[in-house]
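The block underneath contains the structure these notes are about, expressed in structure tokens.
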Amino acid sequence: MSAVRVTVLLPLPFDHPFDYALPDGMALCAGDLVSVPLGKRMVVGAVWDDAPHTTLADGASVRLKEVAAKLDAPALPDDLRQFIDWVAHYTMAPRGAVLALALKANLLAPVGLTRGSRRAAVAQPNPDFPGPVLSAAQAQEAARLQALVQARDFSVTLLEGVTGSGKTEVYLEAVATALRGGRQALLLLPEIALSAQFTARLAARFGAAPAVWHSALSPAQRRATWRGVAGGQGVAGGRISLVLGARSALFLPFADLGVVIVDEEHEAAYKQEDGVIYHARDMAVVRARLAGCAAILASATPSLESSVNAAQGRYRHGVLAGRHGGAAAPMIETVDLRLAPPERGRFLSPVVIEAMTAALAGGAQAMLFLNRRGYAPLMLCRRCGHRVSCPNCTAWLVAHRARDRLLCHHCGHTIQVPTQCPSCKAAESLVPIGPGVERIAEEVQAVLPQARQLLMTSDAIGSAAQAQAAVGAIEAGSVDVVIGTQMMAKGWHFPNLTLVGVVDADLGLAGGDLRAAERSAQLLHQVAGRVGRAEQPGRALLQTYQPDHPVMQALASGDLAGFRTAEADLRRPGHWPPFGRLAALIVTADEAEAVTAACRALAMQAPMQAGLVVLGPAPAPFAMLRGRHRWRFLLKAERRVPVQAVLRDWLARVPLPRSVRIIIDIDPISFL
Ligand code: ADP
Ligand code: ZN
């Protein structure tokens, strides 16, 4: 008996699809979801070969297990399958691991209409809902974007404009165009905490809320959205036309994508740092190319990558100059901590305290920004100088007052605050060193006891609902001072916020990695952009010991374009990104000797060719993380070098024991 073979990709860490036999009477197309036996269990996978399937010779089929069932679920569209293949090839992750990102909706659960998918015929976003009347400059840019969406062809636009210039209003016109054409729109945000405010904004703009997609959804919500995006078979309310999502939304089975928007495109949060390591901004562009639609990357402080792509003509460059309605750009000033130092044991300069006092007296709100969770980044013994560190990581334990514990921010290791020094055993000798946001809150309580304060950190605000409550409190004016980490820096819009103080503007410059200056400039500009968004002018004060640093100078003068040009000039000669490419190879194992032995073996076989340099091996800055030892290689290559092929070839030449794990990070942005 001859039989027909189908190949099925499983959402497991295998690169290759598995062969199964097609049962009599079953018809399958590429992308169909099927359940198949794997060992003793059943797994849901996707048919990966394009028909026609291979017919096997008599007898050959005996060894193949049969497909158990075809699922009652929409098939993965061709462009999504191509996308999965592409991402796997580029990131060097197994294809199955990438498929797992697309099948996260847990389709194994009972199929058919689950409760979550029985959406009442909810209103769909209505593209003809009246939006604001755009200014001439906004309208011109909107028209260009609309034409690109209508072209139904791949394009990328870098949409640049200061915060408050109306980028969002402008790209929402492109969304409206896609929806009007019966197509779908995907809007990516770097941080799910932002989705609450954004959902409300989209609901106001289009008369109905978008579907949201992020990791905090319930399985039922996921299933409903997944199916609704694919085409709405069996889903009341029809096909979902607008999705607001985190990076994983790129893997949704859009039936007819009309536009992909990446807001705050410069954000490092778009990089997925574990599992499949990918940059969602870059992959959004690939997704748009495979779908044949427009991509829009929006930012007030574009990444050097996107700026260079725009300058070289690969991306269209749309620019919105100035804030809408004449709202003034925030005045950014440096506060030289050498000239106006805080009181002993305190962290706020009198200049900042005075400005806060004045803002509050005028009925406005103020914000303090410090990118450090907890009370103090480190506990030090006054007697012997011992610093309390994590046993599993190369890191200090961070003091958290709210929990009254010390906590490792890398592995979660936590201990009670020791009553004596772990090293010299002196009693009550440990003192907190440096500020975290909790300590700043304490200082605000001391200097402005009347002020009602709110902490916005991932410790205090863990869910979208909590974020929404916090945002509501700020909007309602029941908060005077917001103290926050980077969570606070992103796209929020608070009309009554007129002052922001950056507690330690030098913090991001310390790391010394390739993008430290670029990232600091982006973050601080973004933070400053939180103020003065309505009628009242805003002011941003940067506490710094380096007021002459190019980053502080660029921020104070507002010449970020000049700063980017200078940055580009620094990176171009050495082929540093974006003028060349990097790939990191991280070698990890439980035993230090296993890591060094593996590094020695890899170093002996390191690729040597023109346009390529292998740096390392060297212990990673976090030489130990979660109990594992880590060393790094860094490949630096000119753009023409096929980095993936070089890496594949290198690794194939070096057999490594199973105890050693290699993590490949193409285009790394973190060098820890
Ligand atoms: P960006 O995304 O560049 O920060 P937004 O699109 O969020 O800017 O616009 C900033 C604020 O100005 C928002 O409250 C927005 O609704 C408002 N705004 C922008 N353009 C207009 C316009 N043409 N008419 C009315 N309000 C506008
Ligand atoms: Zn740790």
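Whatever order the structure lists ligands and atoms in, that order sets their numbers, starting from 1.
Take the Zn ion (ligand 2) and draw a sphere of radius 2.8 Å; the protein N/O/S atoms inside it number 4.
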If you apply the rule salt bridge (Lys or Arg N to Asp or Glu O under 4.0 Å), what do you find for Arg180 with Glu173, and how did you get there? CA-CA 10 Å; Arg180 233 172 258 132; Glu173 294 302 316; 5.2 Å; no
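Judged purely by atom type and a 3.5 angstrom limit, Glu160 has no side-chain atom pairing as donor or acceptor with the backbone of Ala298.
Checked by distance only, ligand 1 and Gly166 come closer than 3.5 Å through their nitrogen or oxygen atoms.
Looking at heavy atoms from C-beta onward, Lys167 lies in side-chain contact with Leu320 at the 4.5 angstrom threshold.
Near Thr163, meaning under 4.0 Å from one of its heavy atoms, ligand 1 places the atoms 4 (O). Near Pro132, with a cut-off below 4.0 Å to any heavy atom, the atoms of ligand 1 are 22 (C), 24 (N), 25 (C).
Cation-pi contact between Arg281 and Tyr270: absent, since separation from the ring centre below 6.0 Å together with deviation from the ring axis within 45° is not met.
Distance check: Cys384 SG to Arg382 CZ gives 12.0 Å after rounding to the nearest 0.5 Å. Within the model, atoms CD1 of Ile586 and CZ of Phe633 stand 12.0 Å from one another, a figure rounded to the nearest 0.5 Å.
Sorted by first and then second residue, the side chain to side chain donor-acceptor pair (under 3.5 Å) pairs involving residues 386-399 (not counting sequence neighbours) form an empty list.
You'll find the ring centres of His400 and His409 inside the 6.0 Å limit.
For Arg316 and Glu141, the salt-bridge test passes: some basic side-chain N is under 4.0 Å from an acidic carboxylate O.
Considering Lys167, Arg201, Glu169 only, the shortest heavy-atom separation from atom 7 (O) of ligand 1 involves Arg201.
Under a 4.0 Å heavy-atom criterion, Gly164 is in contact with ligand 1. Ligand 1 has Val162 within reach: a non-hydrogen atom of the residue lies less than 4.0 Å from it.
Residue-level proximity to ligand 1 for Val133 is carried by the backbone, the only part with a heavy atom below 4.0 angstrom.
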